[in-house]
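Encoded as structure tokens, the structure appears first; notes follow it.
One-based numbering, in listed order, for ligands and for the atoms of each.
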Amino acid sequence: MQNPTASPFSSPLAPTWLRPPEGDLNRLDGNVWSSTASRTPDGELLLGGVRASELLERFGSPLYVVDEADMRTRAEGAAAAFAEAFRAIGAEVELHYASKAFLSIDIARWMAEAGLGLDVASGGELEVALAAGIEPARIGLHGNNKSRAEIRRAVEAGLGSIIVDSLQEIERIGEVAAELGRVQPVMIRLNAGIHASTHSYLATSHEDQKFGLTFDVARTAAARIRELDSLELLGLHSHIGSSIYEAAGFGAAAEKLMRFRAELLEGGPVPEVNLGGGFGIAYLPSDDAPTLDALARGIAGEVARVCEETGSDMPRITFEPGRAIAGPAGTTLYTVGTTKDVSVPLEGGGAARRRYVAVDGGMSDNIRPALYGSNYCARLANRVSEAAPQLVRVVGKHCESGDIVVHDDYLPEDVAPDDLLAVPATGAYCWSMASHYNYLDRPAVVAVRDGSARTLVRRITIDDLLAADTAWTPEENS
Ligand SMILES: *Cc1c(COP(=O)(O)O)cnc(C)c1O
């Protein structure tokens, strides 16, 4: 770790993870920004060849911008990385994009064109996938509390897998499939007891949380599934959590699932093992995210080893990356409204200045800092500046002091009202988790590519929200 006081501009308020403001505050670090992000000769941010100012003029502020080429390339790259690692051990591998990260009809089609299937976690996500024309056999349905209506829709549509997360659900799916005269492939979601190193709300494989079945319960589940003529045991599933940067947890989960599979093989086939998603990405220039090649090779090694040790046949392997594909492709653009300096008392006496930079969105378009304490970074988007670095906190316009977009970063100290700010790596779990808190608009989603921009999902405005209010009387208010 670098010494945070290494620069004369370093603030005593800066957290230790924040790099000191050396060098160029206008730089777009390649590990964080989408691959087509660059600056025009006059210093403006270009995404997919389109100027930030043009995007906000045409589509309004704030705005979610998806770098289409970047997202497609990441999907293809992920598929290739896993295919190569698993080809080396003689296994077939398939990727399902975890659509809850960021889904629209076009995005679903990009994933299909890159060769990926799709995972959905609700009836709503399933409708988007079906509207996109995704082959139902390549869709998996997740969820710890699927409704009977969701199950019926999934079985009717002919989904390739339903991932079972309770014993009750086995009966429900079995009944629906029997009624419809279908045999529904199901997987059992296991809680492999892996303590993934991530925020506790993002860890899904420790004991005291709602997801998955323990190996004991899963034994009962497998036996019951095998009893029912309307169900087929497709395999085992594990997703240890999200935003994980270390390979160890994935390898440990793979080992546990493969050993459990070897046991279940005594009672019949278990053709597939799904090892979930959760691969971390860089949100800050100082973040060092593992490459998917390295992770894939590590996991493949573990699968091959257990297969050999247990004398099992090689299963088909599935992964479900979401964030790793969508996250780096997205950038949120904001307009600065106000700035305010506060004087923060220091422990050893004295005080330091923090500049609050308020933008026209906030926790309604990116809840992750408030929900998980996630850190992001920001850059001026409409211009470059050589002004001295100032420690800033980028905040939104909501009625909460926790309404923070970027907890700590350095920006040029001349940042001012009407400047445009860009926050990178917001493609995953931002728009998809957006709310209308304070009746703010849900910003539009725009795809940029080769110098042109088009709307994927339009802005949802106060007119849309009032139209849903049964007491709204447009004639009286026009
Ligand atoms: C959320 C989720 C994923 C994707 O997680 P990422 O961190 O976005 O890769 C995959 N599988 C399941 C079951 C999930 O719930």
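Seen from the ring of Phe211, Arg189 counts as a face-on cation partner, given the 6.0 Å and 45° thresholds.
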Check: Does the side chain to side chain contact (heavy atoms under 4.5 Å, CB included) test come out yes or no for Tyr283 and Val32, once each step is laid out?
Finding: CA-CA 6 Å; Tyr283 284 101; Val32 176; 6.0 Å; no
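With sequence neighbours excluded, the residues forming a side-chain contact (heavy atoms from CB on, under 4.5 Å) with Ala329 are Val66, Asp70, Met71, listed by chain and number.
Atom CD of Glu308 sits in a sparse spot, with 12 or fewer heavy atoms from other residues, nucleotides or ligands closer than 6.0 Å. Heavy-atom contacts from other residues, nucleotides or ligands closer than 6.0 Å to CD of Glu171 number more than 12.
Defined by atom type and a distance below 3.5 Å, a donor-acceptor pair is present between the side-chain atoms of Arg393 and His407.
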Distance dump, ligand 1 polar atoms to protein, N/O, under 3.5 Å:
| unit_1 | atom_1 | unit_2 | atom_2 | d |
| --- | --- | --- | --- | --- |
| ligand 1 | 7 (O) | Ser242 | OG | 2.3 |
| ligand 1 | 7 (O) | Gly278 | N | 3.4 |
| ligand 1 | 8 (O) | Arg323 | N | 2.7 |
| ligand 1 | 8 (O) | Tyr429 | OH | 2.6 |
| ligand 1 | 9 (O) | Gly278 | N | 2.8 |
| ligand 1 | 9 (O) | Gly322 | N | 3.0 |
| ligand 1 | 11 (N) | His239 | ND1 | 3.4 |
| ligand 1 | 11 (N) | Glu320 | OE1 | 2.6 |
| ligand 1 | 15 (O) | Lys100 | NZ | 2.7 |

